[in-house]
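Here it is, the structure in full.
Count residues from 1 along the sequence.
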Amino acid sequence: MGEFVEGDLVEVCSKEDGLLGGQDPQALVETISADEIRPMPPKLSQPSMFSLHDKVDAFDLDAWWFGGITGQEGDTYSVYFPTTNDVCKYPLQRLRRHLEFVNGQWVPSTTRQR
C-alpha cells in the first residue's frame, strides 16, 4: 500500500463500532491499524447533481460518511447510511462521489456515478 511519513495527508477509514465509513480530514493524532490508513482521495470536480442510488460520501460531524442517494428535493438530497440505517438530508455541497480504495488505487464505486 505504500509508506507514509510524518506530515503526509491521509484519510482514516475507522472500523470502530459506530464509526464505520467515517473519514476525518482534520488533524488527528491517534494509534490506528495500518489497514485503516490510506492516502487522501483525489480531488474530483463536484457534480452538479446526483441520481437515485448513486454512492456518495456525506460530510457530517467533521467526517465523510458513506451512503446512497434515496431522494432529492431541489438541491437537497436524502442519503441512506447502511451502517446505521439512518436517512439524512444534505445540500449538494456537503456530498462527494464515493470512491473505493482498492489495491492501492482510488477507483469509482460499482454503482452509477456521474
Between V107 and V102, the two heavy atoms sitting closest are CG2-CG2, 3.8 Å

Under a 3.5 Å threshold, yes or no: a donor from one side chain and an acceptor from the other, between Y80 and N85? yes

Within this structure, what is the NE2-CD1 distance for the pair H98 and I69, rounded to the nearest 0.5 Å? 12.5 Å

Minimum heavy-atom separation for G67 to P82, with atom names? CA-CD, 4.2 Å

Using 30° and 60° as the class boundaries, would you call the ring planes of F81 and Y90 parallel, tilted or perpendicular? perpendicular

Sub-3.5 Å donor-acceptor pair from the side chain of E73 to the main-chain atoms of D75, do we have one? no

Can you name the nearest heavy-atom pair linking R94 to W64, along with the distance? O-CZ3, 3.6 Å

So which atom in F50 and which in R96 form the shortest heavy-atom distance, rounded to 0.1 Å? CZ-C, 4.0 Å

Quick check: closest heavy atoms across D60 and W65, and the distance to 0.1 Å? O-NE1, 2.7 Å

Taking the side chain as every heavy atom from C-beta outward, state whether P47 and L95 have any pair of such atoms under 4.5 Å apart. no

Heavy-atom pair of closest approach, residues L52 and G71: CD1-N, 4.0 Å

Can V79 be reached from V87 by stepping across I, L, V, M, F, W or Y side chains whose heavy atoms are under 4.5 Å apart? no

